[in-house]
Amino acid sequence: SMLDLFLAYSLMKALDGDTQILFVGDINQLPSVGPGQVLQDLIASGQIPLVELTEVFRQAQTSSIVLSSHHINQGKYPKLEFVSNQPKSDCLMYAAQNSQEGVEAILNLMSNLIPNLGFDPVQDVQILSPMTKTEVGTQYLNLVLQKLINPPSHDKTEIILGEMRLRVGDRVIQKMNNYEQEVFNGDLGILDKIDLNLQEFIINFNDKLVTYNYTDLDKICQAFCITIHKSQGSEYPVVILPIFMQHYPMLSRNLLYTGLTRAKQLAILVGQEKAISLAIKQVDNNQRYTL
């Protein structure tokens with residue numbers, strides 16, 4: 001579903017007439033950022049052979065993440081187990097009445113439940129928000145999560161970019177493709193070193209060290225919490241999803257489905273049942289033109 005019109009055009013143009021191509025995708029996820037809905041329109045055309053996977057096999061039937069994602073796609077409210085110290089399910093719900101309670105819940109989960117279940121809050125958990133603004137958006141959550149996960153220290157160098165304070169040890173995300181350094185939009189890394197004299201900083205992307213200068217600061221941002229859109233195409237051991245009515249402009253079925261299916265082992269929804277219900281009912285019917 002992330003394949004936009006321009007990329008599809010370039011791909012097809014590069015193939016010769018004898019090439020056989022197989023598209024594998026999920027039209028229930030978020031549509032491409034660029035124009036068109038290539039995969040969905042190819043299927044709707046009825047002109048290409050199609051195999052659709054619909055059966056939930058026995059191995060996946062034990063996963064509430066899988067079952068809940070199917071329920072969401074069918075427009076049904078999923079059966080979610082409420083958070084406890086000894087959860088029986090891999091898909092949990094922490095009911096919070098307002099955003100302030102939601103922020104406190106997320107910090108509590110990161111401090112207590114996540115480590116108690118054997119997960120590393122720094123390495124294993126990704127918080128995914130529907131949007132950047134509001135008290136439960138990425139900007140504010142990154143601010144409070146940095147204080148919790150990577151607090152200031154005399155041996156941690158910092159640089160300030162507008163309202164963002166980057167600190168050695170921060171989790172960061174690459175915001176655009178850089179083919180020369182082979183880092184791409186959505187890549188996650190850890191800020192490894194800041195050299196104030198050379199005005200350079202080094203990010204560790206899975207043991208690959210990449211050096212930036214200060215003019216590249218706009219190409220990265222903190223990533224303790226990122227948007228669901230940024231997460232598409234990735235997966236994480238644990239996902240925490242804040243879903244509140246403040247996210248109303250972005251709430252939709254495919255957004256919730258995409259966020260939930262980023263989790264491999266544990267998903268925790270934090271928020272209001274009313275907001276989750278609204279997201280499930282809200283089907284994105286915006287007209288896209290693929291031709």
Side-chain angles (χ1 to χ4, degrees), residues 26 28-30 53-99 101-130 136 141 145 148-149 224-228 231-245 247 250-282:
D26 183 355
N28 295 306
Q29 292 187 37
L30 290 165
L53 305 180
T54 57
E55 184 175 350
V56 181
F57 288 93
R58 189 175 301 165
Q59 185 179 359
Q61 287 175 356
T62 60
S63 169
S64 292
I65 296 173
V66 173
L67 295 176
S68 295
S69 63
H70 278 266
H71 285 148
I72 290 167
N73 269 344
Q74 295 162 8
K76 301 174 184 175
Y77 195 97
K79 296 178 181 178
L80 301 170
E81 178 188 346
F82 286 102
V83 166
S84 67
N85 291 329
Q86 294 180 311
K88 298 179 177 62
S89 164
D90 61 1
C91 192
L92 307 176
M93 171 73 183
Y94 193 119
Q97 299 305 311
N98 53 60
S99 58
E101 192 178 316
V103 173
E104 291 171 0
I106 290 170
L107 296 178
N108 185 36
L109 289 169
M110 294 291 280
S111 302
N112 298 301
L113 182 66
I114 297 299
N116 291 342
L117 294 178
F119 295 106
D120 184 336
V122 179
Q123 300 293 332
D124 297 333
V125 182
Q126 185 60 62
I127 297 166
L128 303 177
S129 177
V136 275
L141 285 173
L145 286 162
L148 175 72
I149 296 171
F224 300 110
C225 177
I226 62 175
T227 62
I228 296 173
S231 75
Q232 193 165 2
S234 302
E235 56 182 5
Y236 318 94
V238 180
V239 164
I240 297 177
L241 278 171
I243 305 290
F244 288 86
M245 290 305 294
H247 299 135
M250 298 298 294
L251 293 181
S252 68
R253 185 181 299 177
N254 56 7
L255 182 99
L256 180 59
Y257 169 81
T258 301
L260 184 64
T261 53
R262 300 310 91 205
K264 291 196 288 185
Q265 294 172 256
L266 178 66
I268 306 176
L269 280 74
V270 176
Q272 300 160 320
E273 294 182 354
K274 179 181 179 182
I276 295 171
S277 295
L278 178 66
I280 293 169
K281 293 173 185 173
Q282 198 93 309

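- For the atom pair OG of Ser84 and CG of Leu92, the computed distance is 7.0 Å after rounding to the nearest 0.5 Å.
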Can you give me every donor-acceptor pair (side chain of residues 110-117, partner residue at least two apart or in another chain, under 3.5 Å) with its distance?
from, atom 1, to, atom 2, distance (Å)
Ser111, OG, Leu107, O, 2.8
Asn112, ND2, Asn108, O, 3.4
Asn112, ND2, Asn108, OD1, 2.5
Asn116, ND2, Asn112, O, 3.1

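- Residues that satisfy the side-chain contact (heavy atoms from CB on, under 4.5 Å) test with Thr258, not counting sequence neighbours, are Gln29, Leu30, Ile228, Gln232, Arg262.
- Interatomic distance, NZ of Lys281 versus CG of Leu251, reported as 12.5 Å (0.5 Å rounding).
- Listed by chain and number, the residues in a side-chain contact (heavy atoms from CB on, under 4.5 Å) with Ser99 are Glu135, Val136, Gln246 (sequence neighbours excluded).
- For Lys76, the side-chain hydrogen bond (donor to acceptor under 3.5 Å, both in side chains) partners are Gln74, not counting sequence neighbours.
- Panel note: side chain Glu81, backbone Ser89; a donor-acceptor pair is recorded below 3.5 Å.
- Met93 contributes atom CE, which lies 14.5 Å from atom OG of Ser64 (distance to the nearest 0.5 angstrom).
- Looking at heavy atoms from C-beta onward, Leu67 lies out of side-chain contact with Pro78 at the 4.5 angstrom threshold.
- For the residue pair Tyr94 and Ala105, the shortest heavy atom distance occurs at CE2-CB, 3.4 Å.
- Contacts of Asp124 classified as side-chain hydrogen bond (donor to acceptor under 3.5 Å, both in side chains), with partners at least two apart in sequence or in another chain: none.
- In this structure, Gln86 has no side-chain contact (heavy atoms from CB on, under 4.5 Å) partners at least two apart in sequence or on a different chain.
- The side-chain contact (heavy atoms from CB on, under 4.5 Å) search around Thr261 returns Ser69, Tyr257, not counting sequence neighbours.
- Atom-to-atom distance recorded for Ser234:OG and Leu128:CG is 9.5 Å, nearest 0.5 angstrom.
- The line from CD1 of Ile106 to CZ of Phe224 is 14.0 Å long, rounded to the nearest 0.5 Å.
- With contacts defined as side-chain heavy-atom distances shorter than 4.5 Å, the pair Leu260/Cys91 qualifies.
- Taking all atoms of both residues into account, the shortest heavy-atom contact from Pro130 to Ile243 is CG-CD1, 4.0 Å.
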For residues 264-279, which side-chain donor-acceptor pairs fall under 3.5 Å, sequence neighbours excluded?
from, atom 1, to, atom 2, distance (Å)
Gln272, OE1, Met245, N, 2.8
Gln272, NE2, Gln97, O, 2.8
Ser277, OG, Glu273, O, 3.0

